[in-house]
Amino acid sequence: MYKTGARITSVVSALAMGLLFSLLPTAAVAKKLIVVTATTDLAALAQEVGGDHINVESIAKGYQDPHFVEAKPSFLLKLRQADMLITVGLQLEIGWLPPLITQSGNPRIQVGGSGYLDASQFAEILEIPTGVVTRAMGDVHPLGNPHYWLDPDNGRRVARGIAEKFGELDPPDAVYFQQRFQDFDKRLSAAEQKWDAEMAPYRGRKIVTYHNSITNFAKHFHLEVIGYVEPRPGIPPTPSHTFDLIGLMKRENCKLVLVEPYFDLKTPNSIGAATGAKVQVYLPSVGGEKQVTNYFELFDYDIALLTKAFE
Ligand SMILES: [Zn+2]
């Protein structure tokens, strides 16, 4: 009895919803894909190809460590309504995203669901371990380096993958998304020429970073990362590692330490004092500073910062 009653109620409410939608003006129901991304960089790339045919929002803020995000409960509601969830993958979000996905109860965005997209499948992944690496050892990069978005070529690959997925979920707009991607590709190629030229005088420069989140950037722009403030990805600095790193930097004449905005500057500053290296906070993500609002501005910001530091 109860079951039948519930079914009747849901049929009635579905009819009521249908009636409601048919009464709304066309513009109000013009369907936009609701897209949630794990990080701001993916949101920026999704926005480039999605234009005004999507609504996109990132769970992590650009100034947060993407390995450790405390998501606001309000995001559960957004995930519940989302047509699509785009993740960085390679276990970057394993510490915080899986419970949100489960609790959302939204079948579309479950792993393997029609709206779930792991963007790492499109990117060139560096530092894929050859031996056995587990998170039990404290390593937060067990499947390779997940900070792949800081290479414009990976940005292009990911944007292409996202545009294709948008087209699958929203076939009438597939051509629109493809055109947006072509336009992004053109603008990115032009920007890359400028960035490459700006960085060309500093090819081969040696740097140290706190976490290994600049690996793809360093490869693209031919910088040499000789070491990290962390002894292993995700493991805080230790006195013995810091001592060894200072020795290495002196031998290699390394004069720059880059630090992600969410790390303590105490150890980097002591390394700087011991080696004479500059200590510079750089931005791994869009939104790390207010003025960095899109994918292009992220590279503009970091390249300006680096060229100034190298001068
Ligand atoms: Zn990492």
Side-chain angles (χ1 to χ4, degrees), residues 34-47 56-129 133-151 154-155 157-159 161-162 165 210-217 230 232-235 260-263 283-288 295 298:
I34 302 171
V35 182
V36 175
T37 65
T39 65
T40 53
D41 311 287
L42 293 175
L45 292 170
Q47 190 69 73
V56 63
E57 201 168 349
S58 164
I59 299 176
K61 304 290 174 214
Y63 48 80
Q64 288 179 313
D65 183 343
H67 291 283
F68 308 99
V69 175
E70 269 189 60
K72 286 190 222 138
S74 59
F75 269 104
L76 261 189
L77 195 66
K78 281 167 189 157
L79 284 171
R80 199 160 288 163
Q81 295 160 343
D83 296 306
M84 187 169 169
L85 171 66
I86 313 176
T87 69
V88 173
L90 303 173
Q91 299 198 1
L92 179 78
E93 308 101 334
I94 200 168
W96 55 275
L97 191 56
L100 290 177
I101 294 176
T102 308
Q103 287 164 39
S104 78
N106 179 350
R108 293 184 294 275
I109 61 157
Q110 304 298 312
V111 178
S114 61
Y116 180 87
L117 188 69
D118 176 340
S120 69
Q121 66 188 286
F122 307 116
E124 179 192 34
I125 306 303
L126 303 176
E127 300 175 342
I128 296 173
V133 182
T134 70
R135 285 178 71 94
M137 295 154 70
D139 200 308
V140 292
H141 296 168
L143 301 178
N145 193 313
H147 304 274
Y148 53 78
W149 61 86
L150 272 179
D151 173 350
N154 273 346
R157 294 179 184 117
V158 169
I162 292 174
K165 186 73 178 179
Y210 196 109
H211 184 72
N212 52 349
S213 46
I214 208 171
T215 315
N216 290 79
F217 181 100
E230 291 179 327
R232 298 178 64 82
I235 301 295
E260 295 80 359
Y262 33 81
F263 290 117
L283 299 187
S285 282
V286 172
Y295 193 68
L298 178 60

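Numbering starts at 1 and runs along the sequence shown.
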Sidechain-backbone polar pair: Gln64 side chain, Lys61 backbone, donor-acceptor under 3.5 Å: yes

Short side-chain to backbone donor-acceptor contact, Gln110 and Pro107, under 3.5 Å: no

Geometric class of the His211/Phe263 ring pair [parallel <30°, tilted 30-60°, perpendicular >60°]: tilted

Option from Glu260, Glu127, His67 for which side-chain hydrogen bond (donor to acceptor under 3.5 Å, both in side chains) with His147 holds: His67

Euclidean distance, Asp65 CG relative to Glu70 CD, rounded to 0.5 Å: 12.0 Å

Check: Val88 main-chain N/O paired with Glu93 side-chain donor or acceptor under 3.5 Å: yes

Separation between CG of Asp118 and OG1 of Thr87, rounded to the nearest 0.5 Å: 4.0 Å

Whether Arg108 side chain and Ser114 backbone form a donor-acceptor pair below 3.5 Å: no

Expected output: side-chain Asn216 to main-chain Glu124 donor-acceptor under 3.5 Å: yes

Pairwise side-chain contact, Ile101 with Tyr116, heavy-atom cut-off 4.5 Å (strictly under): yes

Lys/Arg cation over aromatic Phe75: Lys72, 6.0 Å, 45° cone: no

Spacing of Ser213 atom OG and Asn145 atom CG [to the nearest 0.5 Å]: 7.5 Å

Closest non-hydrogen atom pair between Leu97 and Ala38, with its separation: CD2-CB, 4.3 Å

From CG (Asn212) to CD (Glu230), nearest 0.5 Å: 7.0 Å

Minimum side-chain heavy-atom gap Tyr262-Pro66 below 4.5 Å: yes

Short side-chain to backbone donor-acceptor contact, Asp41 and Val286, under 3.5 Å: yes

Ser58 side chain to Thr40 backbone, donor-acceptor under 3.5 Å: yes

Side-chain touch Ile162/Ile86, heavy atoms, less than 4.5 angstrom: yes

pair Leu85-Asn106: side-chain heavy atoms closer than 4.5 Å: no

Note, Ser285 side chain near Trp149 side chain (heavy atom, < 4.5 Å): yes

Beyond-backbone contact of His141 with Pro146, side-chain heavy atoms, under 4.5 angstrom: yes

Rounded distance [0.5 Å steps], CG in Asn154 versus CG in Leu126: 7.5 Å

Residue pair Leu117 / Met84, side-chain heavy-atom distance below 4.5 Å: yes

Sub-4.5 Å side-chain heavy-atom contact between Tyr148 and Thr215: no

